[in-house]
Amino acid sequence: MSQDQTDTAQSFDDLIIIIAQNKDRSAFIQLFEQVSPRLKAYAMRCGASATDAEEVVQEALLTVWRKAHTFNPKTASAITWLYTIVRNKRIDLVRKERPDLITSDDLWPETYTDNEHLENEVESDLNVNIVRTLLHGLPETQRQIVYKVYFEGKPHSEIANELDLPLGTIKSRLRLAMKKLDTLAKEQMTWLIIILLTNF
Amino acid sequence: MANYHPSDELLMQFSAGQMPNALGIMVACHLETCHHCNRRIKVYEQLGGEIMQDTAPVEVGSNVLSELLLKLDKPETEESSAQKPYASVDPRIPRPLSRFVPSYFDQLEWSGMSRSIKEFELPISDTQYSAKLYKISAGKELPVHTHKGNEFTLVMDGSFSDKAGDYHQGDFILADTQTVHQPKAADNADCICFAVLDAPLKMTGFFGRMLNPFLS
């Protein structure tokens, strides 16, 4: 694993841990400066207005401050942890005025969002590197569709219309991208073992 | 341990936070006990993190940080800290669904379609999906049928089988317009399932329009 690739993730990790241990405001401000523009961008790409996106950012970072002690670098990288928080805040913003609707807590109850049984199986740094390499290695046409799933959540038929492509093409491109990820999910253990063995 | 799982596509949509409705609840219920799918979800969440990392940053107003710093020392408001009142319900009901099922399965007001199958409407239907519980009496077989759209089923208690397989607690099954089947509950117990169906595309009548103002 090359050092330059892990630097950013590493420093997010450190900041969150310092926040958890010392309630350190300067670490919090540093983390805010580094991540908030991306959290805002994510919310906006998902369809939030700039104002709503800033509310999502505030809510998400407030959760980071309060829940920093639940961050476990062994089960998720910092960016993944931040992603799950901002994703949930984005869902809940829409639901604020509709208490009858499902909340992120219904979908991801805390009892198993911070479960520990994955701890021994997932080496987050390693995974992040593989996922990143894989995402960047996807052909542009496949990556575009994966992005649409994450940001827009549109049905395939709608994506097909937008891109002016047959529905079958959309489905097969997504299937190809997923197949690569699936292989990854299955192989991560093998890779982990190989790397551990070679380091040993 | 479940043998039938949501497709990768559904798991990806779920991880993307793009499935916040009845089908999302169903996937969440499956995940509660499915180790296999939980691992996949972790990969898709990492993918989400990477995608967020790749997004071109957007400048955040300077007031956001200053407002936030003021909030740090305030105690959590009730709204954010209060756990939802989860009724002490049937242990067979997975937690993501428990808020929507008022009592033990046996005490629900099941409404009968026939003696062999009864249903209970869940209050999480929307314009995209309708959701219900249904119960097939032990040893009973449903008439052969097909589906107008997609029907997702999660087995909650007991088991049932059709030509394609046997389904037990936690199994997540998709039947679509191609599926022709005749589910039969196991002889030893009633089978209770959580079902999510594609809602009709267009709802008519006053109530329908009220629920779905975008369709005129």
Side-chain angles (χ1 to χ4, degrees), chain A residues 25 28-29 32 36-42 44-45 50 53-54 57-58 61-62 65-66 76-77 79-80 82-84 86-88 90-91 95 100-102 104-109 111-112 115 117-118 121-122 127-128 131-132 135 146-147 149-153 174 178 181-182 184-185 188, chain B residues 7-9 11-22 24-25 27-28 31-32 35 38-40 42-61 63-65 67-69 71-72 76 80-81 83-84 86 94-100 123-124 126 128:
Chain A
R25 279 174 179 254
F28 181 76
I29 294 170
F32 180 92
S36 63
R38 287 215 160 69
L39 302 191
K40 182 177 174 186
Y42 163 76
M44 289 182 72
R45 286 285 303 267
E54 290 191 345
V57 169
Q58 262 194 6
L61 268 300
L62 195 56
W65 176 256
R66 288 173 179 162
S77 70
I79 197 74
T80 305
L82 291 165
Y83 163 74
T84 56
V86 74
R87 171 197 65 192
N88 295 2
R90 171 181 67 76
I91 288 177
R95 273 137 188 85
D100 55 318
L101 292 178
I102 286 154
S104 65
D105 191 49
D106 292 321
L107 295 173
W108 295 278
T111 45
Y112 62 95
N115 59 358
H117 67 269
L118 284 155
E121 297 190 19
V122 181
N127 259 334
V128 162
V131 170
R132 183 181 303 151
L135 179 66
V146 170
Y147 275 61
V149 171
Y150 274 82
F151 291 131
E152 300 166 20
L174 186 59
M178 314 263 328
L181 286 162
D182 183 39
L184 165 76
Q188 64 187 11
Chain B
S7 67
D8 283 293
E9 209 179 307
L11 293 177
M12 186 193 261
Q13 261 180 290
F14 182 83
S15 312
Q18 300 289 4
M19 200 190 267
N21 47 28
I25 291 287
V27 173
L31 286 172
E32 194 175 59
H35 191 52
N38 261 303
R39 284 186 57 182
R40 285 164 183 246
K42 295 288 163 197
V43 173
Y44 294 131
E45 286 180 343
Q46 281 170 3
L47 189 65
E50 286 308 307
I51 285 174
M52 185 168 81
Q53 183 88 305
D54 274 357
T55 315
V58 177
E59 200 183 332
V60 175
N63 59 316
V64 177
L65 178 61
E67 282 174 28
L68 184 55
L69 289 174
K71 287 184 189 171
L72 295 188
E76 290 186 48
S80 57
S81 63
Q83 282 294 313
K84 287 192 191 67
Y86 286 100
R95 189 168 157 219
L97 189 62
S98 59
R99 184 158 78 92
F100 309 105
I124 48 176
D126 60 21
Q128 202 181 353

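Just so we're on the same page: letters track the sequence lines, and every chain starts at 1. Just so you know, these numbers use all the heavy atoms, side chains as well, and skip hydrogens, waters and symmetry mates. Model, not experiment: these values are computed from the prediction.
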| task | Would you check if the side chain of Glu32(B) reaches a backbone N or O of Pro96(B) as a donor-acceptor pair within less than 3.5 Å? | result | no
| query | Where does Thr84(A) contact chain B at under 4.5 Å (heavy atoms): side chain, backbone, both or neither? | reply | side chain
| note | Turns out that what part of Tyr150(A) lies under 4.5 Å from chain B's heavy atoms comes down to both
| Under a 4.5 Å heavy-atom cut-off, does chain B meet the side chain of Phe151(A), its backbone, both or neither? | both
| query | Can you say whether the rings of Trp108(A) and Phe14(B) are parallel (under 30°), tilted (30 to 60°) or perpendicular (over 60°)? | reply | tilted
| query | Any salt bridge between Glu54(A) and Lys40(A), counting N to O under 4.0 Å? | reply | yes
| Arg45(A), part contacting chain B, at a heavy-atom distance under 4.5 Å | side chain
| query | Is it the backbone or the side chain of Glu9(B) that comes under 4.5 Å from a heavy atom of chain A, or both, or neither? | reply | both
| note | Under 4.5 Å to a heavy atom of chain A? For Leu11(B) that would be neither
| task | Using atom types as modelled and distance alone, determine if a side-chain donor or acceptor of Arg87(A) lies under 3.5 Å from a backbone N or O of Ser15(B). | result | yes
| request: Could you tell me which residues satisfy side chain to side chain donor-acceptor pair (under 3.5 Å) with Ser104(A), sequence neighbours excluded, listed by chain and number? | output: Asp92(A)
| task | Measure distances from Leu82(A) to the heavy atoms of chain B and classify the residue's part below 4.5 Å as side chain, backbone, both or neither. | result | both
| Between Leu174(A) and chain B, which part of the residue has a heavy atom less than 4.5 Å away: side chain, backbone, both or neither? | side chain
| Who passes side chain to side chain donor-acceptor pair (under 3.5 Å) against Tyr42(A), sequence neighbours left out? | Arg90(A)
